[in-house]
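Quick note on labels: first sequence line is chain A, next is B, and so on, each numbered from 1.
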Number of protein chains: 2
Amino acid sequence: MPSADQTHMAVLGALSIMPMTGYAVREQIRSTLGSFWSESFGQIYPALAQLEKQGLIERLPSQTSRSAPFAPTAAGLARLRELLAEEPQPSRPRNGTLLRLFFGRQLGAEACRALLEQTRTQAEAQLQSLLVAREELAADALLRDDAPYIELTISAGEHSARAAIAWAEESLAALDALPATPTTATPTTATTTTRSTS
Amino acid sequence: MPSADQTHMAVLGALSIMPMTGYAVREQIRSTLGSFWSESFGQIYPALAQLEKQGLIERLPSQTSRSAPFAPTAAGLARLRELLAEEPQPSRPRNGTLLRLFFGRQLGAEACRALLEQTRTQAEAQLQSLLVAREELAADALLRDDAPYIELTISAGEHSARAAIAWAEESLAALDALPATPTTATPTTATTTTRSTS
DNA sequence: CGCTACATGTAAGGTGTTACATGATTCC
DNA sequence: GGAATCATGTAACACCTTACATGTAGCG
């Protein structure tokens with residue numbers, strides 16, 4: 001899947017749930033899919049233009065004075081199913097927090113503790129916002145048919161957040177148990193303990 | 001952090017644990033950091049060249065006939081600590097599995113089930129390889145000082161994998177409970193239930 | 001002696017983000 | 001009338017990956 005297709009999949013998917021303007025698609029992707037997907041501005045509009053030219057989406061006649069929303073055509077829905085059926089391709093992971101902890105000896109135990117506390121705080125906030133998301137999902141009658149599937153992704157976020165909290169707490173305890181912190185980064189100045197320059 | 005710095009951080013970090021050739025750095029990043037970080041071939045060599053020019057790393061005289069390994073200089077270690085101390089910048093998430101489940105109504109319950117089973121299988125494999133990694137870590141005397149920090153990242157992987165397994169199993173059960181699968185994607189041909197073309 | 005793994009690099013091409021540019025509509 | 005938000009795009013640039021190019025060392 002040539003990866004522009006990934007954007008097409010996300011955009012078609014969003015429109016399959018509810019007709020929207022490009023602007024709204026971006027907002028939805030940011031707010032609703034935000035924790036596991038991202039598309040930037042500069043990708044969404046070109047994607048919409050392409051999809052419209054291919055007859056996969058069309059503008060609905062707008063009732064209000066607001067801009068006309070896009071909706072997938074029958075061919076568009078078929079294309080969406082085709083894209084969804086392809087194997088998900090693994091994305092390149094880049095977790096800055098774990099990288100820093102891996103090199104924690106250089107970073108120092110104190111800074112590691114701060115990273116862990118930050119992780120825990122963020123996961124707790126995430127948990128809260130997922131609770132809200134679940135309530136909104138239950139309240140929205142328009143989403144009735146999609147809700148069971150959306151629910152799975154909310155649940156994934158919760159499991160992941162709870163795991164992060166448990167891990168952070170365990171790790172903080174483990175750091176406390178570290179004897180005499182044999183840190184390379186001493187509180188004073190950068191005195192190197194290991195090999196030095198030639 | 002201009003993001004080329006991210007590569008510098010990973011490379012300096014790897015060399016801080018043990019002097020290595022560029023080739024080995026790549027291998028280490030792929031195998032050891034692979035589950036939470038990635039650097040491609042085309043980034044590592046230019047990064048090494050730059051770091052050497054800046055005097056942050058140097059080639060150690062090689063004992064064997066093998067190629068000479070790089071090691072960080074004192075300035076290099078200082079630079080590493082500086083980089084590590086910066087805020088981790090959030091990476092753009094792209095979880096293809098969750099995106100597909102979100103649009104599960106279009107994909108169909110059966111295919112969703114397959115995705116969940118795949119997720120569970122992968123997480124179980126991940127768990128196994130983390131067990132191996134932990135044993136190797138414990139066995140390697142050279143890593144003694146870094147081990148407590150590396151251990152945190154192994155633990156993170158385990159928490160995450162166990163959460164994925166629990167989530168997948170719960171979700172499979174939830175899908176089984178779904179009444180009469182009101183799928184849009186019918187087993188026969190693509191009969192659209194919703195709006196169609198103009 | 002040939003295959004595999006080690007080792008180093010570059011350049012083309014694709015991807016993705018950001019900043020800029022522009023204008024309509026709505027609300028206060 | 002002015003600010004905020006809705007709405008649509010583009011173009012420059014940063015970023016990364018991939019494929020190519022090249023050569024050495026060790027092993028069977």
Side-chain angles (χ1 to χ4, degrees), chain A residues 1-11 14-15 18-31 33-34 36-53 57-71 89-94 96 99, chain B residues 1-11 14-15 18-31 33-34 37-53 57-71 89-96 99:
Chain A
M1 140 141 57
S3 185
D5 288 357
Q6 304 247 126
T7 299
H8 286 193
M9 176 167 61
V11 169
L15 296 178
M18 172 182 311
M20 276 180 269
T21 66
Y23 188 85
V25 168
R26 182 226 191 181
E27 283 310 300
Q28 282 304 304
I29 289 179
R30 279 175 70 88
S31 65
L33 309 180
F36 56 86
W37 198 262
S38 81
E39 293 292 348
S40 79
F41 225 77
Q43 287 168 277
I44 291 174
Y45 280 112
L48 285 167
Q50 275 179 261
L51 289 170
E52 191 175 24
K53 206 168 64 184
I57 61 175
E58 60 183 355
R59 284 211 185 249
L60 253 37
S62 77
Q63 270 68 354
T64 73
S65 62
R66 288 246 145 262
S67 187
F70 290 101
Q89 40 182 157
S91 69
R92 315 259 158 274
R94 281 214 147 186
L99 188 72
Chain B
M1 142 140 55
S3 185
D5 288 356
Q6 303 247 126
T7 299
H8 286 195
M9 176 167 61
V11 169
L15 295 178
M18 172 182 311
M20 275 179 270
T21 65
Y23 188 87
V25 167
R26 182 226 191 182
E27 283 308 301
Q28 282 305 303
I29 289 179
R30 279 174 69 89
S31 66
L33 310 180
W37 197 261
S38 82
E39 292 293 348
S40 81
F41 225 79
Q43 287 168 275
I44 290 174
Y45 280 112
L48 284 168
Q50 274 179 260
L51 289 170
E52 191 175 24
K53 205 168 64 184
I57 62 175
E58 59 183 357
R59 284 209 186 252
L60 252 38
S62 77
Q63 270 68 353
T64 74
S65 60
R66 289 246 145 258
S67 188
F70 289 101
Q89 39 183 157
S91 70
R92 315 260 157 272
R94 280 213 148 189
N95 185 325
L99 188 73

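Taken over five-pair windows at either terminus, the axes of the helix from C/dC1-D/dG28 to C/dC28-D/dG1 are inclined to one another by 30° (rounded to 10 degrees).
Note that OG1 of A/T21 is 10.5 Å distant from CD1 of A/I44, once rounded to the nearest 0.5 Å. Interatomic distance, OG of A/S38 versus CZ of A/R26, reported as 12.0 Å (0.5 Å rounding).
Of the possible polar contacts, none joining the B/E52 side chain to the B/A49 backbone as a donor-acceptor pair under 3.5 Å is found. With hydrogens and angles ignored, the 3.5 Å screen pairs no side-chain donor or acceptor of B/R94 with any backbone N or O of A/S91.
Contact check, B/R94 against C/dT15: no side-chain N or O comes under 4.0 Å of OP1 or OP2. Dashed line: the shortest gap from a side-chain N or O of A/S67 to OP1 or OP2 of D/dC6 is not under 4.0 Å. Taking 4.0 angstrom as the limit, A/Y23 places none of its side-chain polar atoms (N or O) nearer than this to OP1 or OP2 of D/dT8.
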Check: protein-nucleotides 18-28 of chain D nitrogen or oxygen pairs below 3.5 Å:
residue	atom	partner	partner atom	Å
D/dG26	OP1	B/S65	OG	2.8

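Separating the NZ atom of B/K53 from the P atom of C/dG9 is a distance of 13 Å, rounded to the nearest angstrom. Per the geometry, CD belonging to B/E52 stands 14 Å off C1' belonging to C/dG9, to the nearest Å. Summarising the geometry, the separation between CD on A/E39 and P on C/dT18 is reported as 13 Å, rounded to the nearest angstrom. As rounded to whole Å, 11 Å separates atom P of D/dC15 from atom CD of B/Q50.
Contact check for A/Q28 versus A/M18: no side-chain heavy atoms found under the 4.5 Å cut-off.
Electrostatic pairing of A/E39 and B/R92 does not count as a salt bridge here, judged by no charged N lying under 4.0 Å from a carboxylate O.
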